[in-house]
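Numbered from 1 within each chain, the chains take letters A, B, ... in sequence-line order. Heavy-atom basis, side chains included; hydrogens, waters and symmetry copies ignored.
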Amino acid sequence: DTGVSQNPRHKITKRGQNVTFRCDPISEHNRLYWYRQTLGQGPEFLTYFQNEAQLEKSRLLSDRFSAERPKGSFSTLEIQRTEQGDSAMYLCASSRTAATNEKLFFGSGTQLSVL
Amino acid sequence: AQSVTQLDSHVSVSEGTPVLLRCNYSSSYSPSLFWYVQHPNKGLQLLLKYTSAATLVKGINGFEAEFKKSETSFHLTKPSAHMSDAAEYFCVVSGGATNKLIFGTGTLLAVQP
């Protein structure tokens, strides 16, 4: 497999601007997850998709955040009206099935800096 | 609810000496437990996973972990550290039916020459 791909690798934006990140999962992986990681912390779950359906959203995901996976392939995560507290590494992961012990494959992440 | 606690935020060992990274878990049912490693500027990589088949789990790069239900622990060990093992290690529990992973806060492993 070619791995999970995330773009861009880095994003610097000014407070109040909108940003969008893209994740391309491993081909034919049904599950896609978004996580957020801040310095010195483990990744925190944001949301996940089973094919194109968004099945769960964390309460960390305020109404400024929206995620889509329109055709059950790639996914986008948009943050509107960014705040400095949104600065973090945004990680995408995919898995082949929904099994509870299924291995997740992570991308290298998008590092967001909000000035 | 499921959670994991990593007992050490930093561990430093000398090359060639054993590694022990400690993790305690809390789960309302039989958990799936994982250890992931994160090298700088690289994605998270699965080291090993426990899924109730065997209490001693062997992973990649010589790492292994033992599931101890009585102690609610899942400590990660390696007999002999290598410089390339320097990284951040996360103990993870699966959050039930969604397979949502719940990460610990991480242990930064430093390996001294």
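Around the CZ atom of A:Arg15, the shell of radius 6.0 Å holds no more than 12 heavy atoms that belong to other residues, nucleotides or ligands. In this structure, A:Glu52 places its CD atom where more than 12 heavy-atom neighbours from other residues, nucleotides or ligands lie under 6.0 Å away. Heavy-atom neighbours of B:Leu56 CG from other residues, nucleotides or ligands within 6.0 Å: above the threshold of 12. The neighbour count for B:Leu20 CG, taken as heavy atoms of other residues, nucleotides or ligands under 6.0 Å away, is above 12.
Hydrophobic clustering places A:Val114 together with A:Tyr90 (ILVMFWY residues linked when any side-chain heavy atoms are closer than 4.5 Å, directly or through intermediates). Residue B:Leu33 is grouped with residue B:Leu47 when hydrophobic side chains (ILVMFWY) are merged at heavy-atom distances under 4.5 angstrom, including chains of intermediate members. Transitive grouping of hydrophobic side chains (ILVMFWY, heavy atoms separated by less than 4.5 Å) keeps B:Val111 and B:Leu108 in distinct clusters.
Rounding to the nearest 0.5 Å gives a distance of 10.0 Å between OG1 of A:Thr47 and NZ of B:Lys100. Note that NE2 of B:His39 and OG of A:Ser108 are 13.0 Å apart. Values are rounded to the nearest 0.5 Å. Annotation: the span from A:Gln41 atom CD to B:Phe103 atom CZ amounts to 13.0 Å, rounded to 0.5 Å.
A:Tyr35 contributes a side-chain N or O that, together with a main-chain N or O of B:Leu101, makes up a donor-acceptor pair within less than 3.5 Å.
For A:Gln111, no part lies near chain B; criterion is any non-hydrogen pair under 4.5 Å. Looking at B:Gln45, neither its backbone nor its side chain comes within 4.5 Å of chain A, counting heavy atoms on both sides. Of the two parts of A:Leu55, neither the backbone nor the side chain holds a non-hydrogen atom closer than 4.5 Å to a non-hydrogen atom of chain B.
In terms of heavy-atom proximity, B:Phe90 sits nearest to A:Gly42 at CE2-CA, 3.4 Å.
A:Leu91 is listed as a side-chain neighbour of B:Leu44, based on a closest heavy-atom distance under 4.5 Å.
Checked against the 6.0 Å centroid threshold, B:Tyr36 and A:Phe106 count as a close aromatic pair.
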